[in-house]
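Scroll down for the structure; my scribbles are underneath it.
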Amino acid sequence: MEPAARLDQNHELTLKDFPYIIRWRDDRCKRCGRCTAVCPMLSIFPSVKAKRTVGSFGPVPNPKVERSVETVVKQSTNIANYCTGCATCSLVCPNEAIEPEFNPAHKFLTHKNTGGHPYTRGGRRNDPLVSTLDRLKFTRISMLTDPALDAGRHEFRIRTYLGRILPPDELPIIAADDDRLAMDKNSTKFIPPVREIYPVMIGSMSVGALSPTMWEGLAMGITYLNEVEKMPVVMCSGEGGMPLRLLKSRFIKYFIPQIASGYFGWDEIIRALPHMVEDPCAIEIKYGQGAKPGDGGLLMAHKVLKLISEIRGVPTGVDLPSPPTHQTKYSIEEAVAKMIQSMYMAWGFRVPVYPKISGSKTAKAVLNNLVRNPYAAALSIDGEDGGTGAAYNVSMDKMGHPIASNIRDCYLDLVKAGKQNEIPLIAAGGVGKKGNLAANAAALIMLGASAVSIGKYMMQGAAGCLGDENNRCNVCNLGRCPRGITTQDPKLYRRLDSEKVAERVVEIYKSLDVELKKIFAPLGRSTELPIGMSDAISADDPAIAERLGISYVC
Amino acid sequence: MCRLSAITSGEYISPMENVLSLETMKEGHDGSGMGLILKDLGGEFESFKKYPILSGICSKSGMKELDNFMSAAGFKSVHSWHPKIKPVTGVKLRDCYFANVYDYPDEFQDKSITEKETLLLDTRLKLRAMGQEDESIIVFSFYPDILTLKEVGDPLQLSEFFGLDHSSLKAKIILAQGRQNTNYAINLYACHPFFIQGYGSMTNGENTAFVPIREYLTSRGFPGYIGYNSDSEVFTHILHYTNKVLGYPLKYYKDVITPLKKEEIEGRPDKDFVMYMKMCLRFLCIDGPNCVIGFTPDGSCFMVQDAKKLRPGVVGGVPGKYALVSEQCGLNSAISERDPSTDIYPMRYDMVIVSPQAKEVRVWNQLQGWTKTMN
């Protein structure tokens, strides 16, 4: 009698358990093998099947059995090789014979913790629902009492400030003559540095998390925007430093080097400091990221190849975890105040330094401290819809605070204290999640943000990132990015042309600028950013409207 | 769009000149209200220049309450003016229109002007709060040598209603606006011109940046920056904040409400200051469309445009009498004897300032400095 173990299928998964099921068409497939070659998860593989055909030829029935062996494409039911739905197979298939199909009834989350290891992935929060930002609309439209502007012809000034702004009564001024004022040159008052920038900046994505071609594409794109299009778009480096020749170049002024708890890349930055011909735009100190609040950063070993290890000053092929907190500090005074001051000192107090935290109920407490710190240049808050290169699934799906109410709470706190123009708030996390970049950015500005930071949108818009909120792809952590965006494998990142990425970055910003004007013009705003113009927006949900302190429309 | 008529003169003039100017400019349904501020008063007020004048509207019970409050606060009534009301169809008669002249309480007699100003503002705010709910007390201004009249109705009918054509009411600076605010509920407090501590202004536009400006001003902690019933009231308070609280010369009001671009500031001799001022007063930038006309405590009058220059405004006159109005025909009515070729149409970078006693007109251009002088 056959042993029971051979008959027991209960410990195997069926295809129906997986989030994506491969639809392969035998009749269209020409067996070229490209799909199985490009699958980043090895979810599909070439296999064979035995075929038994019964046929009859001749004037009288004379059935005969023919047996053959045919090549087929199969989907793995191994949990480690689950199909992420990236659809790279369908991208390379010459005959449209294969595609993954989303399976809404999947049981993946109950099976994914194999070997006692919780499921980790890269990407974004898997929440396909419409975000709060997409439930806001602009309802204060200029009509007859005040004419709307012409978005195409009117002159607009879409700019914001990055840096601590002194209140007017603290400015050291003297009367230069009867009706002219001047700054008092003899005053010892510290006047913090401030930059005028475009209000939508590229958020922190590191060299290492991104492939060399992707990072280079973004960098070239913003340089073109600044130097040719005269749009002062800036970009944060993310943790991990920057290429040395960029640090020493005049282009560094368009970049915000980030220092996080792993301090990766900072040896190089400090070494480059005496040779810098320009100051960086600002310095960002990372305390948290919205996609996995309270959790550290992680660049996994298979992404730490030669180039990355050189830039970061670490050995190749080792995991590079950044702890959840800066290990040498134990209080907000130390963690924020001392660090900010040290960074100011490094650049002769000429460069704004600001912290980035994850969206959280404690963001207000952090802001409260920063308001009282004369050196804090801004506060960047990253909401739960932000993305990450590697994280536990539970952190990404279930931890964090939506950015809309977090930024609104913080802004209203500033208003209450009369400090709303002194410390700029930068909002991030899910801006443009559904593609509505300009609308989401404008809504956040009207809720009180001075600037908005975007990351995933650039990956998707400029390089065609395949990820979505249905757990599609999300293998950034494995370094197997099918688009070549988040990998250090030359075979993969060669798929991405950095020139094309740069071109798309420029196109995205130029279109964004037009769309922002199309929003601001009907509201009658052109000369200043409508920060806190909460009368301009409404929500289609009374609870959202009440929570954000805006009007409800239906 | 509101009609504006401000006349500044070396001699005392009647508010009827402003009303007729408004009437000339009238178009369509411009009849929903009128506000008048008279500064540097003549006639029966000429001898009371140092005493504060409380002007407003009360119900009978409100008047009694107001009198009790003022005497309890130590203010001594010196003179009282009431317009000779002639009922007119379309204008709803209220119980009591008044302008009461008071002497300061004894303990304030020798106090500084700043302390007296604080007392007057504080008193006005208390009175406003007392009558807010049932509109039994509506107070527009409480300041020496300033009188304010406001009512809902057509300006010409209102002048008949108040008997302005027969009145001895005269002043050297008069601001008049026809039409009420149209964006929010009709409320007498929402009627231009607005006044605070010697500063008055009116505008003929709409302020799209109202909410952030209101939040900024109310969070300054200054007691008078409250209770905005009109989106345009903030212009007066921005003027007060920059000129009085911060002490910036008047011309910087233009740089505050319509800041230059970074590249434009580079050419200014005071670029360092202007750059910082632009940043630190960023929330006070107006986005128009507006033409703002106002006066300061020293008797200077000004006209300024928003950066879009979407609202008209013209200044003209003869030495000793100038008018700042929203339309050319209004200027023709106010000062017909002038040479129209010398009229000034301030553009987006300009601020026209008429000196006290209407002796001189100067144009301040944000890019080029003082550009034109008429005297």
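Just so we're on the same page: letters track the sequence lines, and every chain starts at 1.
Between the side chains of Tyr349(B) and Gln305(B), not a single donor N or O lies within less than 3.5 Å of an accepting N or O.
To the nearest 0.5 Å, atoms CD (Glu528(A)) and CZ (Phe520(A)) are separated by 11.0 Å. Between atom CG of residue Asp231(B) and atom CG of residue Asn207(B) there is a gap of 5.5 Å, rounded to the nearest 0.5 Å.
Here Glu206(B) pairs with Arg140(A) in a salt bridge; the nearest charged N to carboxylate O distance falls below 4.0 Å. Contact check on Lys254(B) versus Asp350(B) returns no salt bridge, with no Lys/Arg side-chain nitrogen under 4.0 Å from an Asp/Glu carboxylate oxygen. Ion pairing between Asp279(A) and Lys253(A) fails under the 4.0 Å rule for side-chain N and carboxylate O. For Asp409(A) and Arg547(A), the salt-bridge test passes: some basic side-chain N is under 4.0 Å from an acidic carboxylate O. In this structure, Lys518(A) does not pair ionically with Glu515(A), as no charged nitrogen and carboxylate oxygen lie closer than 4.0 Å.
For Ile286(B), the part lying near chain A is the backbone, with the side chain staying farther off; criterion is any non-hydrogen pair under 4.5 Å. Heavy-atom distances place both the backbone and the side chain of Lys261(B) under 4.5 Å from chain A. The contact between Tyr252(B) and chain A is made entirely by side chain atoms (from C-beta outward), counting heavy-atom distances below 4.5 Å. Looking at Leu166(A), only its backbone comes within 4.5 Å of chain B, counting heavy atoms on both sides. Residue Lys185(A) touches chain B through its side chain alone, counting heavy-atom pairs closer than 4.5 Å. Neither the backbone nor the side chain of Trp364(B) comes within contact range of chain A; no heavy atom of the residue lies under 4.5 Å from a heavy atom of that chain. For Leu260(B), the part sitting under 4.5 Å from any heavy atom of chain A is the backbone (N, CA, C, O) and nothing else. For Arg348(B), the part lying under 4.5 angstrom from a heavy atom of chain A is the side chain only. With a 4.5 angstrom heavy-atom cutoff, Ala182(A) touches chain B only via backbone atoms. With a threshold of 4.5 angstrom between heavy atoms, Pro168(A) approaches chain B through its backbone and through its side chain. Both the backbone and the side chain of Leu181(A) come within contact range of chain B, judged by heavy atoms closer than 4.5 Å. In this structure, the portion of Glu155(A) lying under 4.5 Å from any heavy atom of chain B is its side chain and not its backbone. Only the side chain of Arg220(B) comes within contact range of chain A, with at least one heavy atom under 4.5 Å from a heavy atom of that chain. Ile531(A) touches chain B through backbone and side chain together, each having a heavy atom under 4.5 Å away. The parts of Arg180(A) that come within reach of chain B are both its backbone and its side chain, each placing non-hydrogen atoms under 4.5 angstrom from that chain.
Of the listed residues (Lys416(A), His154(A), Glu170(A), Lys419(A)), the one with the most heavy-atom contacts under 4.5 Å to chain B is His154(A). Between chain B and the residues Arg159(A), Arg525(A), Glu196(A), Met533(A), the most heavy-atom pairs under 4.5 angstrom are made by Arg525(A). The residue among Gly247(B), Ser219(B), Gly221(B), Ala209(B) with the most heavy atom pairs within less than 4.5 Å of chain A is Ser219(B). By number of non-hydrogen pairs under 4.5 angstrom with chain A, the leading residue of Met279(B), Met277(B), Met275(B), Lys271(B) is Met279(B).
Ring geometry, Tyr216(B) versus Tyr241(B): the interplanar angle exceeds 60°, so the pair is classed perpendicular (tilted spans 30 to 60°). Relative ring orientation between Phe222(B) and Tyr225(B) is described as tilted, the plane-to-plane angle lying within the 30° to 60° band.
By the 4.5 Å heavy-atom criterion applied to side chains, Phe156(A) and Asp513(A) are not counted as neighbours.
In terms of heavy atoms, Met303(B) sits closest to Cys291(B) at CG-SG, 3.8 Å.
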